[in-house]
Amino acid sequence: MADPLLVLESVSLRSEEGRIVFDGLDWTLARGAKVRLRSSSGRDASVLLRLASGLALPQAGRVVLDGIPLGPYSFDHPFLARGALGWVPREGGLLVNQDLRANLVLPLMFTKRLGAVQASSMAAGALEEAGLSGLADQRPHAMDPGERWLAALVRATLMVPELWLVDPPAGHLPRSVQEKASALLERAAASQAAMILLGEASWMPKVPMQAIGLDNGRLMIGDA
Amino acid sequence: MSAPKTRFHAWDWIFSPAARLGKQVRLPLERVGSAAWLMSRVVRGLFRLRLDQLDVVYRILRMQVKFTALDALLLTVVTALLMGGITLIQVFGQLSSYGAEDYLSKLLAKLVIRELGPLLVGVIVIGRSGTAVAAEMASMKLSGEVDALVAMGMNPVQFLLVPRMLGGMISVFSLIVFFDAAALLGGFVLAWLLLPTLSFASFLAGLEGVIGIRELAITLLKGLLFGGAVPVLCAAYGLRVKRSATEVPQAVTKGVVASLLMMFLADALLSLALYG
């Protein structure tokens with residue numbers, strides 16, 4: 001069996017309302033594997049990504065990332081601490097009190113240990129490529145949701161992650177954002193990194209990925 | 001299937017008031033323990049910062065000092081001038097009835113430097129910056145910014161709390177120094193109006209014996225204590241919100257109340273220990 005990167009062992013989770021989200025879920029994601037996750041409930045699929053990143057903890061079972069179980073205070077987990085996770089949530093998660101450039105520069109400096117000049121140069125290049133350089137000095141609230149999500153994707157790209165967790169926005173994305181996002185995701189899918197991509201929007205890159213369905217807390221492996 | 005019947009026991013009736021009373025004691029103690037634990041994480045986070053992370057922390061720290069100290073300077077100075085004057089009116093009334101106007105500057109300095117300065121600056125900082133920190137942390141938690149920091153390997157304790165704690169310490173200490181100076185100046189101006197024979201030189205000479213290294217050390221201690229604890233306490237309440245924007249004002253209120261309580265309690269204990 002391929003080297004596992006992410007392992008969910010008998011994971012059970014209930015929502016705050018008491019609804020069973022996962023009940024004894026077992027699943028393994030190998031290094032470099034690319035998965036497209038389809039779900040009747042986008043919320044449950046998002047919860048799976050949160051479990052995989054340590055942002056949510058199961059009430060029973062455990063999640064093992066890169067050989068080390070995730071626990072409370074997951075920011076101490078070595079995989080996360082070295083910036084190996086490409087986290088692209090549907091709301092973007094950009095820092096609203098920083099401009100777009102700083103949103104890209106700060107993680108490079110803090111986590112990837114780059115100097116300010118090098119980080120700024122990389123951020124400027126990435127923003128130019130994504131067509132967002134005109135917004136570099138703007139704070140996230142001045143951008144539309146699609147641009148915010150694209151900026152989060154650019155930020156994750158700069159971190160050169162080993163595992164991508166990508167949750168696209170539910171609504172319609174402008175065509176320009178779709179094209180840029182598709183190109184970035186296509187490049188990420190061609191890399192050695194593992195990826196879990198939620199949804200099946202028409203603009204998503206047409207690259208071979210394992211299709212997995214999530215229905216009532218159970219994963220159903222589909223065709224490659 | 002019917003729900004199981006709950007049996008009533010006599011000891012429930014006997015012990016439930018005791019349990020309720022116990023809960024009233026346990027909850028505040030839990031909160032104190034939780035705040036102390038968080039403070040220890042922040043201090044640990046400070047000492048575990050890598051040299052290459054200091055640049056990022058410094059950027060956040062600079063923003064915090066600008067908002068907490070620089071933007072509050074005018075408000076602090078105006079408050080201090082007024083408080084200095086008001087205090088002097090009270091002190092002057094008492095001293096003049098005993099013909100002890102010579103002690104005016106000494107008494108004013110003791111009151112302002114020992115208690116009024118640290119406490120009123122603390123109240124200003126809680127009102128302006130503590131509320132802002134609690135609301136900012138709560139909205140960051142709700143909008144997924146804190147999650148994004150964690151996922152990107154940016155320890156939120158080091159990135160969010162350490163610069164706010166350091167910024168609070170620097171700001172509160174600096175504001176106390178400005179407050180004390182402005183309050184004494186305001187006091188002198190009013191004293192001079194009430195007692196035109198009073199010279200600035202004699203006013204300053206009166207302060208000489210009162211303001212020493214000990215007073216400065218105590219001011220520094222209070223500044224560091226209040227300035228460090230207020231942002232961390234308010235941030236802790238802000239970061240406790242879970243799902244709804246309606247939790248934000250509740251978090252702000254709880255952060256302010258806890259900060260005020262902590263500050264008055266710490267000030268009372270310090271005063272007892274140092275001047276009692």
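Letters A, B, ... mirror the listed sequences (proteins, then strands); counts begin at 1. No experiment lies behind these values; they were computed from the predicted model shown.
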Checked V56(B), D55(B), D147(B), V150(B) vs chain A; the most non-hydrogen pairs under 4.5 Å come from D147(B)

Which atoms of L149(B) approach chain A - backbone, side chain, both or neither, heavy atom under 4.5 Å: side chain

Which answer fits V146(B), side chain, backbone, both or neither, if we ask what part of it has an atom under 4.5 Å from a heavy atom of chain A? neither

Over 12 foreign heavy atoms within 6.0 Å of [atom1], [X]:
{"X": "L51(B)", "atom1": "CG", "value": "no"}
{"X": "R43(A)", "atom1": "CZ", "value": "no"}
{"X": "F67(B)", "atom1": "CZ", "value": "yes"}
{"X": "Q59(A)", "atom1": "CD", "value": "yes"}

Heavy-atom cut-off 4.5 Å, strictly under: side chain, backbone, both or neither for P89(A) against chain B? neither

F75(A) side chain reached by V157(B) side chain, heavy atoms, under 4.5 Å: yes

Any side-chain heavy atom of R155(A) sitting closer than 4.5 Å to one from M152(B)? yes

Contact leader toward chain B among M159(A), R82(A), R50(A), where contacts are heavy-atom pairs under 4.5 Å: R50(A)

Spacing of [atom1] belonging to [X] relative to [atom2] belonging to [Y], to within rounding of 0.5 Å:
{"X": "F110(A)", "Y": "I60(B)", "atom1": "CZ", "atom2": "CD1", "result": "9.0 Å"}
{"X": "R148(A)", "Y": "S143(B)", "atom1": "CZ", "atom2": "OG", "result": "9.5 Å"}
{"X": "M109(A)", "Y": "D52(B)", "atom1": "CE", "atom2": "CG", "result": "9.0 Å"}

Checking heavy-atom separations under 4.5 Å from chain B, one finds in residues 90-106 of chain A E91(A), G93(A), L94(A), L95(A), V96(A), N97(A), Q98(A), L106(A)

Quick one: salt bridge (charged side-chain N to carboxylate O under 4.0 Å, His left out) partners of R14(A), sequence neighbours excluded? none

For L46(B), the side chain to side chain contact (heavy atoms under 4.5 Å, CB included) test, sequence neighbours excluded, returns L49(B), V162(B), M165(B), L166(B)

All N/O donor-acceptor pairs, side-chain side in residues 115-124 of chain A, below 3.5 Å, sequence neighbours left out:
from    : atom 1 : to      : atom 2 : distance (Å)
S120(A) : OG     : A116(A) : O      : 2.8

Where W87(A) and A148(B) come nearest, the two heavy atoms and their spacing: CD1-CA, 3.8 Å

